[in-house]
Amino acid sequence: MSFFSSVALAPDDPILGLTDAWLADPRSPKVNLGVGVYYDAQGRQVLPESVMRAEAILTARRRARSYIPIDGLPDYDSATRTLVFGENCRALAEDRVVTAQTLGGTGALRVGADFLKATLPAARAAISAPSWPNHKVLFRAAGFEVEDYPYYHPASHGVDFEAMRAALAAMEPGTVVLLHACCHNPTGADLSVAQWREVAQVVRERGLLPFVDMAYQGFDRGIAEDAQGIALLLEAGVENLLVANSCSKSFSLYGERIGALSLVCGSADEARRVRSQVKQTIRANYSNPPTHGAALVATILGDPDLRAQWEEEVGQMRDRIKAMRSGLVARLAALGRTEFGFINRQAGMFTYSGLSAAQVQRLREEFAIYAVSSGRICVSALNESNLDYVAEAMAKVAA
């Protein structure tokens with residue numbers, strides 16, 4: 001008898017499984033609005049010119065591919081700290097920030113969750129309703145009891161801020177609160193600066209531990225602007241926080257699995273001890289991270305010319321996403337569906353379209369347009385070649 005005979009068949013991932021179904025669909029036209037990847041105006045994944053230039057620099061160096069430190073390339077970690085916290089962050093000047101290279105933003109979340117569970121075994125985790133589905137999976141796998149806090153308001157298609165604030169104010173001190181820095185996934189509904197200030201105040205007064213997920217830095221307002229929530233938490237006097245950031249979208253390095261976990265500590269000595277434990281967590285998981293993606297990012301961020309070019313390219317991606325938002329709203333309005341105007345008020349790669357699961361199913365069955373059953377669509381998958389087709393299909397299923 002096989003030792004694995006009792007293993008049950010796990011369900012397909014709701015997003016990656018959707019892509020598999022789209023690939024297998026023989027119809028034309030067909031559109032995949034489910035996957036969270038940036039596409040250009042021709043519907044292709046991009047390779048930024050700044051990344052290609054950095055690649056040429058690394059190739060010319062012809063360095064051996066040796067192991068790198070457990071917590072990653074020092075140049076990458078240093079550049080990432082500045083990218084996340086800014087040049088003038090007091091916590092950086094006081095050497096209170098620990099940054100470790102991880103396997104993408106997902107790896108940062110898991111390493112952070114594992115570290116927190118070992119350090120604060122009685123703590124609970126609170127995650128927005130809704131959130132990226134893998135958030136709950138990761139924290140539960142690390143052993144956390146997970147609760148929801150109110151976030152999205154379906155009627156306004158925005159943030160249910162009063163309910164969110166009240167929920168935070170009622171949480172047990174020490175609760176780990178997962179916050180989205182910008183471009184909330186899946187809703188696209190973000191906190192305003194004023195709301196971030198209130199959240200920061202509640203977090204500090206209630207003694208909560210914020211864990212900020214920043215997977216889309218630069219895709220809403222700008223590189224520094226999209227990290228403003230982190231700055232406001234520190235400005236409010238929040239002593240400890242964690243940040244998981246990813247280079248997948250902003251550098252278009254999806255397959256390199258390049259991210260980082262940063263932890264703000266109470267002192268330089270505390271940071272030294274925290275770093276030692278984070279390294280132990282990584283060592284027990286995957287030993288040390290890969291080299292190439294980190295070297296690319298460090299090369300770009302360490303060269304003023306490449307850095308400027310990269311920021312311009314991120315700006316171009318940001319502008320195209322916004323153009324597709326407004327284009328979809330305009331085409332739907334021209335078809336008499338003016339109720340979709342809220343899409344222009346949301347931010348980032350995703351939008352909660354307001355379509356029901358039944359309407360999403362109709363898009364798939366009748367038009368070969370694939371979206372997540374929640375109605376979340378990836379705006380960057382739209383382009384001038386498919387925008388009219390998608391708008392017409394949405395208008396028909398919404399009628």
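Side-chain atoms are counted along with the backbone in the values below, which use heavy atoms only and exclude waters and symmetry mates. Just so it is clear, the structure is predicted and the values come from calculations on it, not from any experiment.
In this structure, Asp190 and Asp220 approach most closely via the heavy-atom pair OD2-OD2, 3.6 Å. Shown here for Ala381 and Leu33, the closest heavy-atom pair between the two residues is CB-CD2, 3.9 Å. Heavy-atom minimum distance, Phe350 versus Gly36: CZ-CA, 3.5 Å. The minimum heavy-atom distance between Ala21 and Arg364, with the atom names listed, is CB-NH2, 3.4 Å. Nearest heavy-atom pair, Leu92 versus Gly86, reported as atom, atom and distance to 0.1 Å: CD1-O, 3.4 Å. The two residues Pro290 and Glu256 come nearest to each other via the heavy atoms CG-O, 4.1 Å.
Looking at Val314 and Arg318, their side chains come closer than 4.5 Å, going by heavy atoms from C-beta outward. Counting heavy atoms from C-beta outward, Glu392 and Arg331 have side chains that stay 4.5 Å or more apart. Inter-residue side-chain proximity for Val264 and Ile230 is flagged as unmet; no heavy-atom pair is nearer than 4.5 Å. Met171 places a side-chain heavy atom less than 4.5 Å from the side chain of Glu147. Contact annotation: the side chain of Leu328 never approaches that of Val379 to less than 4.5 Å [non-hydrogen atoms, C-beta and beyond]. Proximity of Val84 to Thr99: side-chain heavy atoms (C-beta onward) are nowhere separated by under 4.5 Å. For the pair His180 and Tyr151, the minimum side-chain heavy-atom distance is 4.5 Å or more. Annotation: side chain of Ile223 is in contact with side chain of Gln217 (closest heavy-atom distance under 4.5 Å).
Environment of CG in Asp319: crowded, with over 12 heavy atoms of neighbouring residues, nucleotides or ligands closer than 6.0 Å. For CZ of Arg61, the number of neighbouring non-hydrogen atoms (other residues, nucleotides, ligands) closer than 6.0 Å is greater than 12. Enclosure of atom CZ in Arg27 by more than 12 non-hydrogen atoms of other residues, nucleotides or ligands within 6.0 angstrom is indicated. Counting heavy atoms of neighbouring residues, nucleotides and ligands inside a 6.0 Å radius, atom CD of Glu87 does not exceed 12 of them.
The existence of a salt bridge linking Asp269 and Arg272 is confirmed by a sub-4.0 Å separation between a basic side-chain nitrogen and an acidic carboxylate oxygen. Ion pairing between Asp303 and Arg53 fails under the 4.0 Å rule for side-chain N and carboxylate O. Between Asp148 and Lys136, at least one side-chain N (NZ, or NE/NH1/NH2) sits under 4.0 Å from a carboxylate O, which counts as a salt bridge.
Checking side-chain atoms of Arg204 against main-chain N and O of Ala236 turns up a donor-acceptor pair under 3.5 Å. Without hydrogens or angle criteria, Arg257 side chain to Thr102 main chain gives no donor-acceptor distance under 3.5 Å. No side-chain donor-acceptor contact under 3.5 Å links Thr175 to the backbone of Val177. Checking side-chain atoms of Gln101 against main-chain N and O of Tyr76 turns up no donor-acceptor pair under 3.5 Å.
Between the side chains of His184 and Gln346, no donor-acceptor pair of N or O atoms lies under 3.5 Å. Side-chain N/O atoms of His157 and Thr351 include no donor and acceptor closer than 3.5 Å. No side-chain donor from either of Arg320 and Asn383 sits under 3.5 Å from a side-chain acceptor of the other.
Qualifying ring pair (Phe, Tyr, Trp, His ring centres under 6.0 Å) partners for Tyr38, counting only residues two or more places apart in sequence or in other chains: none.
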Side chain to side chain contact (heavy atoms under 4.5 Å, CB included) for Asn240 and Glu270? Distances and angles first, verdict last.
CA-CA 11 Å; Asn240 300 120; Glu270 184 176 285; 3.5 Å; yes
Test salt bridge (charged side-chain N to carboxylate O under 4.0 Å, His left out) on Asp114 and Arg110; report intermediate values, then the result.
CA-CA 6 Å; Asp114 284 343; Arg110 182 57 192 266; 3.0 Å; yes
Applying salt bridge (charged side-chain N to carboxylate O under 4.0 Å, His left out) to Arg165 and Glu198, what does each step give before you reach the verdict?
CA-CA 8 Å; Arg165 191 186 188 285; Glu198 289 195 52; 2.9 Å; yes
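Between Tyr216 and Phe219, the two ring planes are tilted [angle within 30° to 60°]. Ring planes of Trp310 and Phe251: parallel class, angle under 30° (limits at 30 and 60°).
Geometrically, Lys30 does not engage Tyr370 in a cation-pi contact defined by less than 6.0 Å to the ring centre and at most 45° from the axis.
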